[in-house]
*Asks:* 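Handing you this structure, nothing more for now.
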Amino acid sequence: MMSDLDNFLLYVPIFSDLPEETISKIAKVGNRKTYKKDNVILMEEEDGSAMFVIISGKVKIARTSNDGREVILSILSESAFFGEMSLLDGLSRSATVIALEDSEVYIIQRAQFLELIYDHPEISVALLTELTQRLRQADMKIKALSLKDAEGKVATVILEIANDVGKIKQGVVEIEKLPLQQDLANMAGTSRETISRTLHSFAKKGLIELEGSKLRIMNYEKFKETYV
Ligand code: CMP
């Protein structure tokens, strides 16, 4: 019998090429844990002993400067994983992970995770694919932060979120729930005021539509071409 957890794990991209009996095995080696909105799941610089798969909710991956400013490296949602880096290279946690909303995670300890990778090379390939995508996204971010003006930085962040959670319909991409403006600012390496001003300027030009926390990119391809 497949449990709810088995059913969930079947659709997690790093596990999706595995046979059902392996999924059932994975469903037995870990633990589920819930975190309230704003709770810290793991801290930059700590030793890492486990990796996490998001069952539900959203987390932000962030680093902070000594004076308390924050840069958000990424926002991850359902089915994504984190905490694998320190298990793979043996160094401390590379970033802090905080729940952006009430979230549930599936936690796999280091020994079990490494055993899974050794026993099932499909997991390594899927892991490499995802890590490659994260590197591409990080490269895009480096380019935006170092070479682009405010519009380019804000557009890059909107596109990053659209790639992650956007739904496309006839060329229009809808983001159901945009992160808070301060979080957008910390993703784009700019101020909250710049985010607010730039979003309104995009809306005035008809490039996007804003409706509460909903955002629509009216012509996704053109927007991408103009700003990436
Ligand atoms: P680890 O270093 O163990 O703990 C922090 C986690 O944040 C890290 O593993 C990755 O899973 C995740 N992480 C770090 N940098 C990024 C990034 N640029 N994009 C997405 N996830 C990241």
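Whatever order the structure lists ligands and atoms in, that order sets their numbers, starting from 1. These values consider heavy atoms only, across backbone and side chains, with no hydrogens, waters or symmetry-generated copies.
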*Asks:* Which protein heavy atom lies closest to atom 21 (N) of ligand 1, and at what distance to 0.1 Å?
*Replies:* R134 NH1, 3.8 Å
*Asks:* Give yes or no for whether the N/O distance cutoff of 3.5 Å, strictly under, is met between G83 and ligand 1.
*Replies:* yes
*Asks:* Just which atoms of ligand 1 are under 4.0 Å from any heavy atom in S86?
*Replies:* 1 (P), 2 (O), 3 (O)
*Asks:* For F82, take its heavy atoms, then give the atoms of ligand 1 lying under 4.0 Å from any of them.
*Replies:* 11 (O)
*Asks:* Quick one: do R63 and E44 make a salt bridge, cutoff under 4.0 Å?
*Replies:* yes
*Asks:* Hey, looking at atom 14 (C) of ligand 1, which of S92, S94, A62, A138 has the closest heavy atom?
*Replies:* S94
*Asks:* Relative to each other, are the rings of F82 and F52 parallel, tilted or perpendicular (30° and 60° limits)?
*Replies:* parallel
*Asks:* At what distance is the nearest protein heavy atom to atom 4 (O) of ligand 1, and which residue and atom is it?
*Replies:* R93 CD, 3.3 Å
*Asks:* Which residue supplies the protein heavy atom nearest to atom 15 (N) of ligand 1, what is that atom called, and how far is it?
*Replies:* L73 CD1, 3.9 Å
*Asks:* Does the distance from a Lys or Arg side-chain N to an Asp or Glu carboxylate O, for K36 and E101, drop under 4.0 Å?
*Replies:* no
*Asks:* What I want to find out is whether R134 reaches E84 closely enough, with some N-O distance under 4.0 Å, to be called a salt bridge.
*Replies:* yes
*Asks:* Report, as yes or no, whether the 6.0 Å neighbourhood of atom CD on Q182 holds more than 12 heavy atoms from other residues, nucleotides or ligands.
*Replies:* yes
*Asks:* Any side-chain donor-acceptor pair under 3.5 Å between R93 and S86?
*Replies:* yes
*Asks:* With atoms numbered from 1 as shown, which atoms in ligand 1 lie under 4.0 angstrom from a non-hydrogen atom of L42?
*Replies:* 4 (O), 5 (C)
*Asks:* With heavy-atom distances below 4.0 Å as the criterion, list the atoms of ligand 1 near A95.
*Replies:* 5 (C)
*Asks:* Is any NZ, NE, NH1 or NH2 atom of the basic residue among K214 and E209 found under 4.0 Å from an Asp or Glu carboxylate oxygen of the other?
*Replies:* no
*Asks:* Could you grab the distance from atom OG of S92 to atom CE of M43, nearest 0.5 Å is fine?
*Replies:* 11.5 Å
*Asks:* Counting heavy atoms only, name the option from L135, I61, L87 that's nearest to atom 16 (C) of ligand 1.
*Replies:* I61
*Asks:* For ligand 1, indicate whether the residue E44 contacts it via side chain, backbone, both or neither (heavy-atom separation under 4.0 Å).
*Replies:* neither
*Asks:* Using every non-hydrogen atom in the two residues, find where I107 and K33 come nearest and quote the distance to one decimal.
*Replies:* CD1-CB, 3.8 Å
*Asks:* For atom 19 (N) of ligand 1, grab the closest protein heavy atom and report residue, atom and distance to one decimal in Å.
*Replies:* S74 CB, 3.6 Å
*Asks:* May I ask you to identify the nearest protein heavy atom to atom 11 (O) of ligand 1, giving residue, atom name and distance to one decimal place in Å?
*Replies:* E84 OE1, 2.6 Å
